[in-house]
*Asks:* 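Next up is a structure, given as structure tokens.
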Amino acid sequence: MRDEELLLAWLHLSDIHCSKEGGANSTDRKRILTVLKRDVEAFMGEGQVPKPSALIVTGDIAATGDEPKSSTSAGEYDAATQWLDAFCTSLRIARSAVLLVPGNHDVQRPQDLDRNVKRLIDDLRRGGKRGERIEDALDHAADRAMIVRRQKNYIAFSQDFGPRDAERDPDGLWWSARLGPVGKQVRVTGLNTALLARDNKDCGLLRLGGHQLNALVCTFNKNTDLSLALTHHPLSGGWLRDEKDVVSWFKSHVDVHLSGHVHGASSEGRHSGAGSGFVTVSAGAVHAGAPNAQTRCTERADTRNHCYNFAALYRLGDGNVVLRVWHRRWSSSNAAFRSDIDQVGRSGFAEHPIIACGPRGRSPSAPPGPSDTRSILYPDPIDLKTISIADAASVVQSATGLRIELLFQGNKKVALWVKPIHCPLDERKCLLLKTACLLAGDKDTEEISIGFADTSDLCSGMGKDKFLVHRLLFPAGAVRKLAVEKNLAPDFWSSVIVEFVETPVSPIARKTVAEWPDYEARLV
């Protein structure tokens, strides 16, 4: 690896659904949790990941909030405590390094049989002009007591875990703490998206609320802090009624967001054209259900979509910070966890740039002036003959923030496919020019192709899904000259071609070509 410094490493689990109730789901869960623990130990033993200094669990620790359905079903948090303690022993960490947030299954739903509790939660879920604001309810002693009562068992369980010096809500509903040695500390905030959770119709009715945003924002130091935020529900898919507002605050006050709830793993960047943004990582479910059992997620549990991940923050030699995520996923055919090839690159991990430079100071969000080409060009173009494709992709992602899907080197062409970017045209041109200069190191390369295609909605790749892609074709000679001389010729962009292609994955069905100066040929 390049010269780099480890800042913080952790193990991320979610949706364990601990239960003492018998049946197929319970026996299958016990088996999967046993194999998962062994996989964690083996993967660490192989030296493929840094040793985690924290264990993060993003909700749904219990199955029913420890509300007994029968004489054998109570004690969910007792079972969770035993399992987490065993993990602490394996990781050689204390309970204080176990970071928890509650999920919708950590809510004691029978509490809503109380008419006053039900009326309050109904009113808060309704929100808006007709309903009460959650901030008002939390400031009212009687209303707050009813909200807290719905998570009483989880709160009591969670008191035995987490940093002793954490700043906590008076009732333990959320918390904030700093992890790591002095000089390398990362601020972590555990937020509660399950305050209003009730049933399978939660989507669009939940709220984070202003009090929790204050806990996230008010202790944040923009010049020194790296920030992690933990929630159970993702900030996409419309689970939170105040999702838009929450995402806006996250973009300026969070670097990495960890979540669970949806029983599928992912990691991706969410950035605005102004330069603010964060990386969001979904752990998937530790236990997504027994075989052939219908679950809450959109997939059936017979897909065996059990997931977890290791992750770490590194500061590179140039001062920039990156997040690396090692996604692990259950393989039914092997009855074992394997690297999730849908989420990681050839290096075995996904790498995401964090917008930072120097000791921590954030990069300026203002785009460089049109004549200041030195600030948008990379001084040392990459020769792909002397560096692995995976390392080249990591360099490009760290330097530009682009999310790379494919990097290919042919005899005389370098092709890069990335996720679409959304920012003003001038900023986009600077970013694409910097990317082209990064890939211009091989003197035999005649053309650099940067393509954009969102493949997230493709189904089977059998040619049934048509989608529109576009790519920019850069003359490599002109790019190399620009990279070396740091001088943008007035006619440079006239030699760059924007090509639009409509394709059923393969082969090309139709294409049109437009020159770059036609600014109406938008790139998004």
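These values consider heavy atoms only, across backbone and side chains, with no hydrogens, waters or symmetry-generated copies. On a predicted model such as this, the values are computed, not experimentally measured, just so you know.
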*Asks:* Can a cation-pi geometry be assigned to R328 and F43, taking NZ or CZ under 6.0 Å from the six-membered ring centre and within 45° of the ring axis?
*Replies:*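 Yes; both conditions hold, so R328 lies above the ring face of F43.
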*Asks:* Got a second to check how far L124's CG is from L138's CG, nearest 0.5 Å?
*Replies:*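 The CG atom of L124 sits 8.0 Å away from the CG atom of L138.
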*Asks:* Among T193, T58, D202, whose side chain to side chain donor-acceptor pair (under 3.5 Å) with H233 holds?
*Replies:*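 For H233, the side chain to side chain donor-acceptor pair (under 3.5 Å) test succeeds with only one of T193, T58, D202, which is T193.
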*Asks:* Salt-bridge test for D169 and R144: reply yes if a basic N is under 4.0 Å from a carboxylate O, no otherwise.
*Replies:* yes
*Asks:* Taking the side chain as C-beta and beyond, is there a heavy-atom pair between T189 and L230 under 4.5 Å?
*Replies:*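 Side-chain contact under 4.5 Å: no.
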*Asks:* Classify the side-chain pair S339/H327 by whether it contains a donor and acceptor separated by less than 3.5 Å.
*Replies:*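 No, no side-chain donor-acceptor pair sits under 3.5 Å.
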*Asks:* Side-chain contact test, heavy atoms from C-beta onward, threshold under 4.5 Å: evaluate it for S90 versus K37 and give yes or no.
*Replies:* yes
*Asks:* Does R119 pair with D114 as a salt bridge, N-O distance under 4.0 Å?
*Replies:* no
*Asks:* Got a second to check how far E268's CD is from F278's CZ, nearest 0.5 Å?
*Replies:* 9.5 Å
*Asks:* Verify side-chain contact (heavy atoms from CB on, under 4.5 Å) between F250 and T280, making sure each step is shown before the conclusion.
*Replies:* CA-CA 10 Å; F250 268 49; T280 183; over 6 Å; no
*Asks:* Can you tell if the side chain of S259 reaches within under 4.5 Å of the side chain of H232, non-hydrogen atoms only?
*Replies:*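 Side-chain contact under 4.5 Å: no.
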*Asks:* To the nearest 0.5 Å, what is the distance between CG on L120 and CZ on R125?
*Replies:* 12.0 Å
*Asks:* Using side-chain heavy atoms (C-beta onward) and a distance below 4.5 Å, is P163 in contact with L99?
*Replies:*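 Yes, at least one pair of side-chain atoms sits under 4.5 Å.
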*Asks:* Crowded around R164 CZ? As in, over 12 foreign heavy atoms under 6.0 Å?
*Replies:* yes
*Asks:* Can you check whether L258 reaches W10 side chain to side chain, under 4.5 Å on heavy atoms?
*Replies:* yes
*Asks:* Does the pair V279 and D255 meet the rule for a side-chain contact (heavy atoms from CB on, under 4.5 Å), with working shown?
*Replies:* CA-CA 6 Å; V279 176; D255 292 300; over 6 Å; no
*Asks:* Please check if any side-chain donor atom of Q151 sits under 3.5 Å from a side-chain acceptor atom of D171, or the reverse.
*Replies:*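 Side chains of Q151 and D171: no pair found under 3.5 Å.
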*Asks:* Are any of the side-chain nitrogens in R178 or D165 under 4.0 Å away from the carboxylate oxygens of its partner?
*Replies:* no
*Asks:* Would you find more than 12 non-hydrogen atoms of other residues, nucleotides or ligands less than 6.0 Å from R346 atom CZ?
*Replies:*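 No - once you tally the heavy atoms of other residues, nucleotides and ligands closer than 6.0 Å, there are 12 at most.
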*Asks:* What are the two closest non-hydrogen atoms of G209 and I134, and how far apart are they?
*Replies:* CA-CG2, 3.8 Å
*Asks:* Could you tell me whether the side chain of D242 and the main chain of R207 form a donor-acceptor pair under 3.5 Å?
*Replies:*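 Not at all, since once roles are kept as given, no pair shorter than 3.5 Å links the two residues.
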*Asks:* Can you see whether F161 has R95 sitting over its ring - NZ or CZ less than 6.0 Å from the centre and within 45° of the normal?
*Replies:* yes
*Asks:* Heavy atoms only: give me the nearest P234-H261 pair and the separation to one decimal.
*Replies:*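 Taking P234 first and H261 second, the nearest heavy atoms are CD-CB, 4.0 Å.
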*Asks:* Could you tell me whether the side chains of S227 and R187 share a donor-acceptor contact shorter than 3.5 Å?
*Replies:*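 Checked: S227/R187 side chains pair up, N/O donor to acceptor below 3.5 Å.
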*Asks:* For N320 and R315, what are the C-alpha separation, side-chain angles and deciding distance, and is it a side-chain hydrogen bond (donor to acceptor under 3.5 Å, both in side chains)?
*Replies:* CA-CA 6 Å; N320 289 315; R315 179 175 289 124; over 6 Å; no
*Asks:* Name the orientation class of the two ring planes belonging to H211 and W174 (parallel below 30°, tilted from 30 to 60°, perpendicular beyond 60°).
*Replies:*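 The rings of H211 and W174 lie parallel, inter-plane angle below 30°.
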*Asks:* Please determine which of F310, W326, Y314 meets the ring pair (Phe, Tyr, Trp, His ring centres under 6.0 Å) test together with F349.
*Replies:* W326
*Asks:* Distance only, no hydrogens: is a donor on one side chain within 3.5 Å (strictly under) of an acceptor on the other, for R150 and Q108?
*Replies:* no
*Asks:* If you measure only the distance, is there a donor-acceptor pair under 3.5 Å linking the side chains of T64 and E76?
*Replies:*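 There is such a pair between these side chains.
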*Asks:* Hey, is the main chain of G65 close enough, under 3.5 Å, to the side chain of D106 for a donor-acceptor pair?
*Replies:* no
*Asks:* For atom NZ of K51, is the number of surrounding heavy atoms from other residues, nucleotides or ligands below 6.0 Å larger than 12?
*Replies:*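 Counting other residues, nucleotides and ligands, NZ of K51 exceeds 12 neighbours.
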*Asks:* Side chains of F157 and I61, heavy atoms from C-beta outward: is any pair under 4.5 Å?
*Replies:*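 When only atoms from C-beta onward are counted, I61 and F157 do touch, with a gap below 4.5 Å.
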*Asks:* Would you indicate whether the side-chain heavy atoms of L36 and H287 approach each other to under 4.5 Å?
*Replies:* no
*Asks:* Would you find a donor on one side and an acceptor on the other, under 3.5 Å apart, between the side chain of Q111 and the backbone of R149?
*Replies:* no
*Asks:* Tell me if the CH2 atom of W249 is crowded by more than 12 foreign heavy atoms within 6.0 Å.
*Replies:* no
*Asks:* Please report the shortest heavy-atom distance between A312 and L6, naming the atom on each side.
*Replies:* CB-CD1, 3.8 Å
*Asks:* Drop me the distance from L240's CG to E243's CD, to the nearest 0.5 angstrom.
*Replies:* 6.0 Å
*Asks:* What heavy-atom pair brings A197 and N104 nearest, and what distance separates the two atoms?
*Replies:*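 Scanning both residues, the minimum pair turns out to be CB-CB, 3.7 Å.
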*Asks:* Let's go through L13 and W83 carefully: what are the C-alpha distance in whole Å and the side-chain angles of both, what is the deciding distance for side-chain contact (heavy atoms from CB on, under 4.5 Å) to 0.1 Å, and is it a yes or a no?
*Replies:* CA-CA 12 Å; L13 310 176; W83 192 70; 3.8 Å; yes
*Asks:* So, D66 and Y154: side-chain donor and acceptor under 3.5 Å apart, yes or no?
*Replies:*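 The criterion, which ignores hydrogens and geometry beyond distance, is not satisfied for Y154 and D66.
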*Asks:* To the nearest 0.5 Å, tell me how far L196 CG sits from D123 CG.
*Replies:* 10.5 Å
*Asks:* Pairing donors with acceptors under 3.5 angstrom, does anything connect the side chains of H257 and T231?
*Replies:*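 Judged by distance alone, the side chains do pair up.
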*Asks:* Are the side chain of Q159 and the backbone of I155 linked by a donor-acceptor contact shorter than 3.5 Å?
*Replies:* yes
*Asks:* Is there a salt bridge (charged side-chain N to carboxylate O under 4.0 Å, His left out) between R31 and D28 once you walk through the steps?
*Replies:* CA-CA 5 Å; R31 191 162 59 249; D28 183 76; 3.1 Å; yes
*Asks:* Nearest 0.5 angstrom please: T89 OG1 to E41 CD, how far?
*Replies:*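 One finds 9.5 Å between OG1 of T89 and CD of E41.
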*Asks:* Please confirm whether the backbone N or O of K251 pairs with a side-chain atom of R270, one donor and one acceptor, at under 3.5 Å?
*Replies:*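 No.
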*Asks:* Can you name the nearest heavy-atom pair linking S267 to V281, along with the distance?
*Replies:*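 In terms of heavy atoms, the two residues are closest at CB-CG2, 4.0 Å.
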*Asks:* Show your reasoning for whether side-chain contact (heavy atoms from CB on, under 4.5 Å) applies to L173 and Q212.
*Replies:* CA-CA 9 Å; L173 295 174; Q212 295 196 71; over 6 Å; no
*Asks:* Which pair of non-hydrogen atoms, one from I147 and one from A137, has the smallest distance, and what is that distance?
*Replies:* CD1-CB, 4.1 Å
*Asks:* I'd like to know if the side chain of D199 reaches the main chain of K201, judged simply by a donor and an acceptor atom lying under 3.5 Å from each other, with no hydrogens or angles considered.
*Replies:* yes
*Asks:* Measure the shortest side-chain to side-chain distance between L11 and I56 over non-hydrogen atoms and say whether it is less than 4.5 angstrom.
*Replies:*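 No, every pair of side-chain atoms sits at 4.5 Å or beyond.
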